[in-house]
Engineer: 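Quick one: structure below, then a few questions.
Sequence lines set the chain letters: A, B, ... in the order given, protein chains first and strands last, and positions in each chain run from 1.
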Amino acid sequence: MPQDAIRAALTRVLAEMGVAAPRINLERPRDPSHGDLATNVAMALSRELKKSPREIAQTLADRLDLAEAGVTAVEVAGPGFLNFRLSSGAVASTLADIVASGDSWGRSRVGGGERVMVEFVSANPTGPLHLGHGRQAALGDVISSLLDWTGWNVHREYYYNDAGRQMELLAGSVLARYLQHLGHDADLPEGGYQGLYVHDVARALAEEVGDRFVADRSDEAMAEIRHFAVRALRAEQDRDLTDFAVHFDEYYLESSLYESGRVDATVAALRETGLVYEVDGAVWLRTTEFGDQKDRVMIRGNGEPTYFLPDVAYHMAKWERGFHRVINVQGADHHGTVSRVRAGLRALGLPEGYPEYVLHQMVTVERDGQEVKFSKRAGSYTTLRELFEEVGVDVSRYFFLMRKPDAHLVFDLDVALDQSDKNPVYKVKYAHARMCSIFAKAGMELDDMDGAGVDLSVLDHPLERELVKHLGSFPDTLIRAAEHTSPHILCDYLEQTAGAANSWYHAGNPSRNPELAVLVEDEPLRRARLMLTRAVQVVLRNGLAVLGMEAPVRMDRPVDEPEES
RNA sequence: GCGCCUGUAGCUCAGCUGGAUAGAGCAUCGGCCUUCUAAGCCGAGGGUCCUGGGUUCGAGUCCCAGCGGGCGCACCA
């Protein structure tokens, strides 16, 4: 690709000028008069080289030899940009790479095969997954996928709390509903779970064990109820996640941290740091030593650990399991735990900034401009399943991903349910299907186009050049999205791709501009345009694959409008 | 009160390590369209980038202060 050749040449000349391994940003200027590609590297290095940007740019322009790469002109422009103009053949040569790479077009190795763990969802088994979990599931899954595409060895993990007081509360709630179901008087425990799903679990429990627990309230009985409830709710969450196309490599249980002795070992290790002290019978860690706002209790006065302790033990375990890069995807309402967990880990000698966090803001759903709030089944908020059963899995995933995690997400059901190009999901899918339909019209399979003997330099229409250059930036886009752990960067890119492809396609509408159609009589031109069609299809399909979404070969018309005469 | 996130077009939001004239979709307005099967296409208007300072050759982007919005501040989980 011309991008690679230009980067390599710039790196070479800069090395001669005494700059090692510069980071070179090559972008596609918005204004076509600024050439096909541009870099601001001269401006970025101005301080380091103590020369004016234009001077550096001029030196680079004089010493670069890029004729081989198809660069027809190098210009110094504006405050110190270097603008490159490419021959038609060089622009289009990208298409050969795309078509040859196929399924793997866009993959890179910047991760160097290093291991990385992405922990996400991690909902407690105390009810169905709600919208926040949905955003997390989509974000975690696609961040994992982006890391995979950029050369990381990714492990997807789900942590769940199967110990502690919330589990007792759950068991108590199920018991109360169970008794009510069998016609006895019973009240939900203080702070118990209100959702209808507790009735479902209670009913299932009654079906399995009959009235055995009406009389038996022993610890063993309560433990049995708890296990039953956790199993039932875990199974439901698994169904939700599977149907939402999200899978995990490992489910890690909080209880295992106690069973394996990791919690005790963590306490012992923290005590050795000398940062532990006791007040009123509670055991504290001096987390303020590492930037936390206040010290934290590890073990309460009653001898029970706080959540802080297993959190630290869990992350220590991640490190010891060999994950020296960990990304936790969580709701922003958990941000308070970040500094204390990191402080605890630093006390144990782990590096600053471990683990990384992607904290996403809250999700609200709107219909007709009004917020949709209540779900009887969940007891308080809308469940993930209610959402994706109404608007579809792919649309839900995409809407969760199309905003940066830092931004509050308004899920507009009216747009989500629209099946025209107003809905970005359909816009991208239609564009893919459209490319496929051109091949169908041509009587060809997608794989029939292997690029052999196609002269790509005939693709010199401005719309074609723009589209090709855009396709060429797909690998960089994946790298940027992975670096920023921000799938929305890819969503934006795919919408632009669909838009550029649509413009090109529509420009060739036979009723308007038949000479711009793909399927023209001129055989060499037709083959070159089929290459472009195929390349667009590959980029859209691969992009959708990273998002965990289907790339349909055809879209069926939803409803035929009745004809009015 | 303290901390984190946030404030860009009427609405929802992009804006890459600070770079060229601040972008997209929706909405509005004006043209067009019976097709490479297709749920549209082309174009236009619309901005005090919350406010005020600062750093810089250059700030929507970085720093400080203020104002508005969201979330969080337990020996809860």
Engineer: Flag this pair as yes if the NZ/CZ of A:Arg234 is under 6.0 angstrom from the six-membered ring centre of A:Tyr160 and inside a 45 degree cone about the axis; otherwise no.
Structural biologist: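 Yes; both conditions hold, so A:Arg234 lies above the ring face of A:Tyr160.
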
Engineer: Can you tell me if the side-chain N/O atoms of A:Ser503 get under 4.0 Å from OP1 or OP2 in B:C42?
Structural biologist: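 For B:C42, OP1 or OP2 has a side-chain N or O of A:Ser503 closer than 4.0 Å.
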
Engineer: Give the nucleotide from the list B:A20, B:A14, B:U37 with an atom nearest to the side chain of A:Ser437.
Structural biologist: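 That would be B:U37.
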
Engineer: Just to be sure I understand the rule, does A:Asp280 reach a base, reach only the sugar-phosphate, or reach nothing, if contact means heavy atoms closer than 4.0 Å?
Structural biologist: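 If one applies the 4.0 Å heavy-atom cut-off, A:Asp280 turns out to touch a base.
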
Engineer: Within the structure shown, what part of the strands sits under 4.0 Å from A:Tyr505 by heavy-atom distance: base, sugar-phosphate, or nothing?
Structural biologist: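 Base, at least one base atom sits under 4.0 Å.
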
Engineer: Using a cut-off of 4.0 Å on non-hydrogen atoms, how would the nucleic acid contact of A:Ala507 be classed: base, sugar-phosphate, or nothing?
Structural biologist: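 Here A:Ala507 touches no strand at all.
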
Engineer: Does a side-chain N or O from A:Arg300 land closer than 4.0 Å to OP1 or OP2 of B:A77, or not?
Structural biologist: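 Answer is yes, contact under 4.0 Å.
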
Engineer: Please work out if A:Ala44 contacts a base, only the sugar-phosphate, or nothing of the nucleic acid, heavy-atom cut-off 4.0 Å.
Structural biologist: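 Touches nothing.
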
Engineer: By the 4.0 Å heavy-atom rule, please label A:His34 as base, sugar-phosphate, or nothing.
Structural biologist: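 The residue A:His34 makes base contact.
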
Engineer: side-chain contact (heavy atoms from CB on, under 4.5 Å) with A:Phe474: which of A:Val539, A:Ile479, A:Leu540?
Structural biologist: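 It is A:Val539; the other options fail the test.
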
Engineer: Taking any heavy-atom pair under 4.0 Å as a contact, classify A:Val338: base, sugar-phosphate, or nothing.
Structural biologist: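 It contacts nothing in the nucleic acid.
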
Engineer: With a non-hydrogen cut-off below 4.0 angstrom, is A:Thr126 in contact with a base, only sugar-phosphate, or nothing?
Structural biologist: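 Nothing, no nucleic acid heavy atom in range.
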
Engineer: Remember a base hit wins even if backbone is also touched, and classify A:Ala440 as base, sugar-phosphate or nothing at under 4.0 Å, heavy atoms.
Structural biologist: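 It contacts nothing in the nucleic acid.
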
Engineer: Using a 5.5 Å cut-off between ring centres and planes within 30 degrees, is A:Phe81 stacked on the base of B:G19?
Structural biologist: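 The ring of A:Phe81 is not stacked on B:G19.
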
Engineer: B:A9 and B:C5: how far apart are their C1' atoms, nearest whole angstrom?
Structural biologist: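 Result for the C1' pair: 24 Å, nearest Å.
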
Engineer: Kindly say if A:His335 contacts the phosphate of B:C2, meaning a side-chain N or O under 4.0 Å from OP1 or OP2.
Structural biologist: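 Result: no.
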
Engineer: Please check: side-chain N/O of A:His432 versus main-chain N/O of A:Val428, any donor-acceptor pairing under 3.5 Å?
Structural biologist: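 Here the side-chain-to-backbone pair does not exist.
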
Engineer: Under 4.0 Å, counting only non-hydrogen atoms across every strand here, what does A:Glu27 touch: a base, just sugar-phosphate, or nothing?
Structural biologist: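 A:Glu27: base contact, heavy atoms under 4.0 Å.
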
Engineer: On the nucleotide B:C5, are OP1 or OP2 found under 4.0 Å from the side-chain N or O atoms that A:Lys404 carries?
Structural biologist: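 Result: no.
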
Engineer: Under the rule for side-chain hydrogen bond (donor to acceptor under 3.5 Å, both in side chains), what residues qualify as partners of A:Thr39, not counting sequence neighbours?
Structural biologist: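 In terms of side-chain hydrogen bond (donor to acceptor under 3.5 Å, both in side chains), with neighbours along the sequence ignored, A:Thr39 is linked to no residue.
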
Engineer: Using a heavy-atom cut-off of 4.0 Å across all strands, would you classify A:Asp492 as base, sugar-phosphate, or nothing?
Structural biologist: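 Sugar-phosphate: the residue A:Asp492, judged by heavy atoms under 4.0 Å, touches backbone atoms but no base.
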
Engineer: Does A:Lys294 make a side-chain N or O approach to OP1 or OP2 of B:C73 shorter than 4.0 Å?
Structural biologist: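 No, no such contact exists.
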
Engineer: Just call it for A:Asp292: base, sugar-phosphate, or nothing, with non-hydrogen atoms closer than 4.0 Å on any strand.
Structural biologist: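 Answer is nothing: A:Asp292 stays at 4.0 Å or more from every strand.
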
Engineer: Nearest to the side chain of A:Arg434, heavy atoms from C-beta on, is which of B:C71, B:A20, B:A39?
Structural biologist: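 Closest nucleotide among those given: B:A39.
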
Engineer: With distance as the sole test, does A:Gln237 use its side chain to make a donor-acceptor pair with the main-chain N or O of A:Asn124 at under 3.5 Å?
Structural biologist: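 It does hold such a pair.
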
Engineer: List the residues meeting salt bridge (Lys or Arg N to Asp or Glu O under 4.0 Å) with A:Arg226, not counting sequence neighbours, and say none if there are none.
Structural biologist: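 Expected list: A:Glu168.
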
Engineer: Taking N and O atoms by type only, does the side chain of A:Asn423 place a donor or acceptor under 3.5 Å from a partner on the base of B:A39?
Structural biologist: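 No, the side chain and the base share no sub-3.5 Å donor-acceptor pair.
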
Engineer: When both hydrogen-bonding distances must be under 3.5 Å and the geometry is Watson-Crick or G-U wobble, what is B:A24 paired with, if anything?
Structural biologist: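 With both distances under 3.5 Å, B:A24 matches B:U12.
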
